[in-house]
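Inspection log for the structure reproduced underneath, given as structure tokens.
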Amino acid sequence: MRYAETGFNLEVDLSTGQTEKVPSDPRDTELYLGGQGVAAKILFERVPPDTDAFSPDNLLIFSACLLVGTPAPGANRTVVNTFSPQTNLMSHSLFGGFFGPELKFAGYDRIIIKGKAPDLVYLYIHNDTVEIRDATHLRGKGTTETQDLLKAELKDQRVQVAAIGLAGENRVYMASIDHNHASASRGVGVIMGDKRLKAIAVRGTRDLNIARPAEMFELSQALHRKIGEGDGNGDWMAVDEDDSFHHNHFAWGNARTRRKNYWSEELQERWTRWKYDHMDRQTGCFNCPKKCRNVINWPGGRRFGYKCFGKDTYHMAAFLELDFTYEILGVAQEYGLDSYSTPQVIAFALELLEAGILTDADFPEMPADSRGRFFYLLEKIVRREGIGDVLADSVSQAAKRIGRGAEAYDHNTTKKFEQLPIKLGKLNPAYFLMIATGEKMSITQIEGSFPQDPLPTQEQREEFVSKWEAPPDEKFKQYFLDWKKRDDISDEATCEIVDWNEAMHYIDDSTGLCGFVSSFRGQFGGGVAYHMNNIPQMISHATGMPMDKARLWKTFQRIRTLVRAVNTRRGLRRKDERPPEDHWAVRNEEYEQALLSKYYAFKGWNSEGIPTRQTLEGLDLAYAADDLERRAILQADGNLAAGKPATGTGQDQARTGELQ
């Protein structure tokens, strides 16, 4: 009997219309847990590295992670993986809500989708009933509108739906997949649209077996109380009205301008009034006592939900206030657009207009005011009309298509993906490595266990570590105690800190734990629910597998290294691992490259960032080493890199400079 998982994958071929329930290999669970870990193995084995992202052979994988659907509180994440046309690398995304647990209750751990439908379809799953149904009546419908229509059509309000909007249908690179005001971004919505899959509707009524139910229930109850009763878990930004951190320190416009003293008490009072005067409710996810999502009903639009920094991105890019975000965010979410990257794309276009690289002729009948311009460009992008067809390919790809010096304005991307608009003074070495080498395309998917900055006094640092439960080893407490200046920390400590930060996220994204009760909250000290010291026990109770901290850490290393192998096989090299040049005002190229080399060596990668055979074999990944050598990416000694750098799709190359 399989525990915590169903033991089955659902294989869907949209080209042939065939579906099949296929038993999964329990050995994969032992080695990769689930979620992103197993998905990385599937992508490595089944998608050749020269496969174009828009090929029918590219896979789109929805995974209900290992602990999803079990009593473990906060374990509700659905992970979505594919290959991105924007980066040519593996896309990683995830969303909360209720979809993943429902998929487990229907009898599946993941859905593996290949091919392309001849026209728009949706996938209906109800236990063993699996049907590919016509969705042409949903063409152009919004994300929540589609969810509502399918629940009515299926006559079941308990059906859980994940859907794309018009952005996904039109293969906009910033398209997201949305479910209950939660969204999966970073390169997955565009592939769902390319496959002409409008939505997945799932309903499940089956039980999920637990290896040691009494022990797991006792541990889960204790963690449920810890999450619900304290302030060490959940998205504090849902209830904290002081947002001076983002507005005073993050950059506005096209990630250029810092407004250090922008925030004020009067502004906070006004924005708080706008929020609570128009907030319907706060909602949470499956089996979690926290309510981290604010649902807003703004006059003239559909209700929408947001969490975290998502409420700030549009008005900061437009140099406006919160009321503008409340006006545009509901529209953008219905279209299925990522709220982190899309505002940067629009601000990038307006900066090119100001610089004279684009002209008024590229923006016919565009309003003169900032609000009107953002709405104008949003519509152009979603419909791929005029300049919107170029901008829909993201900042980096659009800059290549435009030419005429536009590439110089592509200043806030890494690996061709838009980064958070953070512009700081002195370099934080750990953040340099995380942004440079991260393969989840957003610092929010890497940071979170170790604090971002040191505390000013020894007394404060000592008090902090005295209550800090998250560190997997006492050495991390000592690193923090010894850390006095942001840019002054040993290389050894830096490498260890980055590794720990990534470990927690890779474990979360394979088990389904929400980062706000795990990987993202360790940095604040105190009582975060999940950490490396108790997750092994939860996994063992759920699955019956032997698990301890050392075994779990090796599992993280295996998954992380496999993802690196997946991407280096597609061309990722050292030259691609550069944070935005203006991310920090004070830079030292010699130091940064030396640190990068030390980190590569620490991870067991060669000078190009490719895992060596010794590293791969030590992590039970000899098959990956064999493949990399066969393709001449690794030489037999494991030290020399070959192969071509990542170049993007042939379509991207053909478009370069087309507006010159």
Side-chain angles (χ1 to χ4, degrees), residues 2-12 19 21-22 24 34-36 38-39 60-81 93-113 122-133 135 143-144 146-164 176-184 188 192 197-210 220 283-289 292-293 305 509-514 542:
R2 301 284 281 274
Y3 297 109
E5 58 180 355
T6 69
F8 291 96
N9 298 333
L10 178 59
E11 298 271 358
V12 178
T19 66
K21 186 176 185 178
V22 180
S24 60
Q36 185 190 27
V38 174
L60 179 65
I61 305 173
F62 287 75
S63 302
C65 303
L66 183 61
L67 294 177
V68 168
T70 74
N76 47 51
R77 263 37 190 176
T78 302
V79 170
V80 189
N81 297 107
S93 193
L94 68 166
F95 60 90
F98 299 82
F99 184 92
E102 199 73 19
L103 184 62
K104 281 274 191 83
F105 300 149
Y108 309 97
D109 297 313
R110 60 193 57 83
I111 310 169
I112 305 171
I113 303 163
Y122 76 90
L123 181 65
Y124 173 60
I125 304 166
H126 187 173
N127 297 336
D128 286 336
T129 298
V130 180
E131 299 173 355
I132 300 173
R133 295 184 172 186
T143 55
T144 57
T146 295
Q147 294 172 54
D148 292 343
L149 288 170
L150 284 179
K151 289 181 178 182
E153 180 177 316
L154 297 168
K155 298 181 174 59
D156 190 348
Q157 290 298 308
R158 293 169 295 182
V159 168
Q160 301 301 324
V161 181
I164 58 171
S176 60
I177 302 169
D178 286 68
H179 160 72
N180 282 16
H181 300 138
S183 64
V188 294
M192 191 164 171
L197 180 61
K198 178 66 175 178
I200 303 174
V202 60
R203 180 77 175 97
T205 59
R206 292 178 171 164
D207 292 333
L208 195 62
N209 296 308
I210 302 299
S220 296
T283 63
C285 298
F286 175 87
N287 192 21
C288 182
C292 299
R293 192 171 296 109
D509 297 343
S510 296
T511 59
L513 293 171
C514 169

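We're numbering straight along the sequence, starting at 1.
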Keeping the roles fixed (side chain from H179, backbone from F95), state whether a donor-acceptor pair exists under 3.5 Å. no

Sub-3.5 Å donor-acceptor pair from the side chain of Q36 to the main-chain atoms of S510, do we have one? no

Using only atom types and a distance under 3.5 Å, with no angle test, would you say the side chain of D509 pairs donor to acceptor with the backbone of G35? no

Looking at every heavy atom in both A201 and V161, which two are closest together, and how far apart are they? CB-CG2, 4.1 Å

Smallest separation among heavy atoms of P73 and L513, with atom names: O-CD2, 4.4 Å

Please determine, by modelled atom types, if S24 and R110 share a side-chain donor-acceptor pair under 3.5 angstrom. no

Does the Q160 side chain pair with the main chain of R158, one donor and one acceptor, at a distance under 3.5 Å? yes

Minimal non-hydrogen separation, T146 against K198, with atom names: OG1-CE, 3.3 Å

Interatomic distance, CD1@I200 vs OH@Y122, rounded to 0.5 Å, equals 12.5 Å

Name the one of N127, I125, V22 that satisfies side chain to side chain contact (heavy atoms under 4.5 Å, CB included) with Y108? I125

Quick one: closest heavy-atom pair of A39 and I61, and the distance? O-CD1, 4.0 Å

Trace of the side chain to side chain contact (heavy atoms under 4.5 Å, CB included) decision for T78 with L103: CA-CA 9 Å; T78 302; L103 184 62; 5.9 Å; no

Without swapping roles, check the side chain of N76 against the backbone of G97 for a donor-acceptor pair under 3.5 Å. no

Check: K104 side chain, R206 main-chain N or O, donor-acceptor pair, under 3.5 Å: no

Tell me the closest heavy-atom pair linking C285 and R293, and the distance in Å. SG-NH2, 3.9 Å

Has Q147 got a side-chain atom pairing as donor or acceptor with A163's backbone, closer than 3.5 angstrom? no

Whether D178 side chain and T144 backbone form a donor-acceptor pair below 3.5 Å: no

Any chance the side chains of E153 and Y124 put a donor and an acceptor closer than 3.5 Å? no

Would you give the length of the straight line joining atom CG of L154 to atom CZ of R133, rounded to the nearest 0.5 angstrom? 5.5 Å

Verdict with supporting geometry, F62 and V80, side chain to side chain contact (heavy atoms under 4.5 Å, CB included): CA-CA 5 Å; F62 287 75; V80 189; 3.9 Å; yes

What is the minimum heavy-atom distance between A542 and L67, and which atoms define it? CB-CD2, 3.6 Å

Quick one, R203 with T205, criterion side chain to side chain contact (heavy atoms under 4.5 Å, CB included). Give me CA distance, side-chain angles, the key distance, then yes/no. CA-CA 7 Å; R203 180 77 175 97; T205 59; 4.1 Å; yes

Are a donor atom and an acceptor atom from the side chains of S63 and N81 found within less than 3.5 Å of each other? no

